[in-house]
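Worksheet: the structure to be examined is printed underneath.
Only a predicted model underlies this, so the values are computations on that prediction, with no experimental measurement involved.
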Amino acid sequence: NYIYKLRLDSIAKTVPLSYNEYVQSFIDIYSRRKDMMGKMLGLSQYYFPIFEKALKAYNIPAEIKYLPIIESSMNPHAISRVGATGMWQFMFGTAKAYGLNMDNFVDERKDPIQASYAAAAYFRDAYEELGDWLLAIAAYNCGKGNVTRAIDKAGSRDFWEIRPFLPKETRDYVPAFIAAVYVMQYANTHSIVMQASAINYKTDTVLVNRFVALADVAKAINHEEATLFGLNPSYKKKIVNGTDQLPKRIILPRVEQANYARLFEVLNTDLDMDKE
């Protein structure tokens, strides 16, 4: 399987994309899941630029953008059996520590933009502490403490040497990440065809300083409510709870000029919360 090693080596990257039998086993798994990986290619058109911008802001390698494929299949509404939430699968405590807000109206773990910046900040700290990108990726899965203990037991800072001392899920997590990078880059070679994503819009962003229902915004710009909720998945009640002190962001499909006046009216009229 020397060809796989050559292909991995040829990918421009900062994270070392090692090749071994563990990575190969996940390449086999992902390259067979043609439907799922085709969907990932489609979603990546919209989400990867968001991830890349956040990672770049913290000087984190761009390859980390592939992690949400492993974490959540890039589903902002993903919730694990232990309660990790969103594309980047933040637990409540870690999310709070990295500045994400969870309340009655919003769960910013589900916000692709906010959560990407929080993930980038986590990676900055993990890399600063561990000094190695594969170890930082392992820490993202099982916590920095588990990785540090595995380093002590193995007497090494090489991921592949400390791997036997890590939790089972983490042992698979890093090879799965490397395999996902490979399959996304070499999709054509494995007859994986991009599937168009429902969320692939050119978008505009507005900040609102009052309560606005996504359904009203959708109506004003002649789009389905589901489209607006897809672009703004963190609002639990489908209500954007902006205030003067803390304006909130709404992502919209590019607005046609004919709809500006109606949109302006919706964004500047207070929502009657008693009716909601």
Side-chain angles (χ1 to χ4, degrees), residues 4-20 22-24 26-27 30 37 40-41 43-74 76 84 86-90 94-95 97-100 109 111-148 150-151 156-163 166 169-187:
Y4 289 102
K5 184 184 184 325
L6 284 178
R7 286 174 186 164
L8 277 167
D9 288 345
S10 74
I11 297 169
K13 77 282 185 188
T14 306
V15 178
L17 302 177
S18 323
Y19 177 75
N20 53 40
Y22 311 116
V23 173
Q24 182 63 56
F26 281 98
I27 289 175
Y30 289 138
M37 295 311 287
M40 294 303 100
L41 285 170
L43 288 169
S44 72
Q45 300 283 294
Y46 178 77
Y47 287 121
F48 275 9
I50 293 171
F51 303 161
E52 285 163 3
K53 191 175 178 188
L55 295 167
K56 193 174 179 185
Y58 283 90
N59 209 15
I60 305 301
E63 305 89 271
I64 301 296
K65 70 187 177 189
Y66 294 98
L67 262 191
I69 295 172
I70 309 297
E71 288 287 351
S72 61
S73 299
M74 285 194 277
M87 288 193 170
W88 291 93
Q89 289 287 284
F90 274 102
T94 312
Y98 281 91
L100 296 178
R109 294 176 297 177
D111 181 327
I113 297 171
Q114 299 289 110
S116 295
Y117 279 93
Y122 182 95
F123 272 103
R124 172 202 59 196
D125 294 349
Y127 183 74
E128 218 163 79
E129 191 175 316
L130 299 165
D132 178 277
W133 286 115
L134 292 187
L135 296 182
I137 291 167
Y140 192 80
N141 180 252
C142 68
K144 294 192 278 271
N146 274 324
V147 174
T148 308
I151 288 168
S156 169
R157 302 189 75 82
D158 179 316
F159 170 77
W160 302 103
E161 288 187 22
I162 75 161
R163 185 175 173 273
L166 289 166
E169 189 188 325
T170 312
R171 277 179 251 158
D172 290 342
Y173 185 78
V174 170
F177 164 75
I178 294 171
V181 176
Y182 166 83
V183 173
M184 290 289 280
Q185 292 267 352
Y186 283 96

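Taking the side-chain hydrogen bond (donor to acceptor under 3.5 Å, both in side chains) definition, one finds that Tyr127 meets it with nothing, sequence neighbours left out. The ring-ring contact (aromatic ring centres under 6.0 Å, His included) search around Tyr140 returns Tyr122, Phe123, not counting sequence neighbours. Pro68 is linked by a side-chain contact (heavy atoms from CB on, under 4.5 Å) to Phe51, Ser72, Met74, Met87, Trp88, counting only residues two or more places apart in sequence or in another chain. Residues passing the side-chain contact (heavy atoms from CB on, under 4.5 Å) test with Gln185, sequence neighbours excluded: Ile11, Tyr66, Val181. Residues passing the side-chain contact (heavy atoms from CB on, under 4.5 Å) test with Ser10, sequence neighbours excluded: Tyr186. Considering only residues two or more places apart in sequence or on other chains, Asp9 meets the side-chain contact (heavy atoms from CB on, under 4.5 Å) condition with Lys5. Under the rule for a salt bridge (Lys or Arg N to Asp or Glu O under 4.0 Å), Glu129 has no partner lying at least two apart in sequence or in another chain. Take Tyr30 and apply the ring-ring contact (aromatic ring centres under 6.0 Å, His included) test, not counting sequence neighbours, and it matches no residue. Looking at residues two or more places apart in sequence or on another chain, you find a salt bridge (Lys or Arg N to Asp or Glu O under 4.0 Å) between Arg163 and Asp172. Considering only residues two or more places apart in sequence or on other chains, Tyr22 meets the ring-ring contact (aromatic ring centres under 6.0 Å, His included) condition with none of them. Partners of Phe90 by ring-ring contact (aromatic ring centres under 6.0 Å, His included), not counting sequence neighbours: none found.
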For a side-chain contact (heavy atoms from CB on, under 4.5 Å) check, start with the C-alpha distance between Tyr173 and Leu67, then their side-chain angles and the critical distance, and finish with the verdict.
CA-CA 9 Å; Tyr173 185 78; Leu67 262 191; 3.3 Å; yes
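Among pairs with a residue in residues 45-64, those fulfilling side chain to side chain donor-acceptor pair (under 3.5 Å) read Glu52-Lys65, at least two apart in sequence or across chains.
Within the 3.5 Å criterion, the main-chain N or O of Gly86 finds a donor-acceptor partner in the side chain of Gln89.
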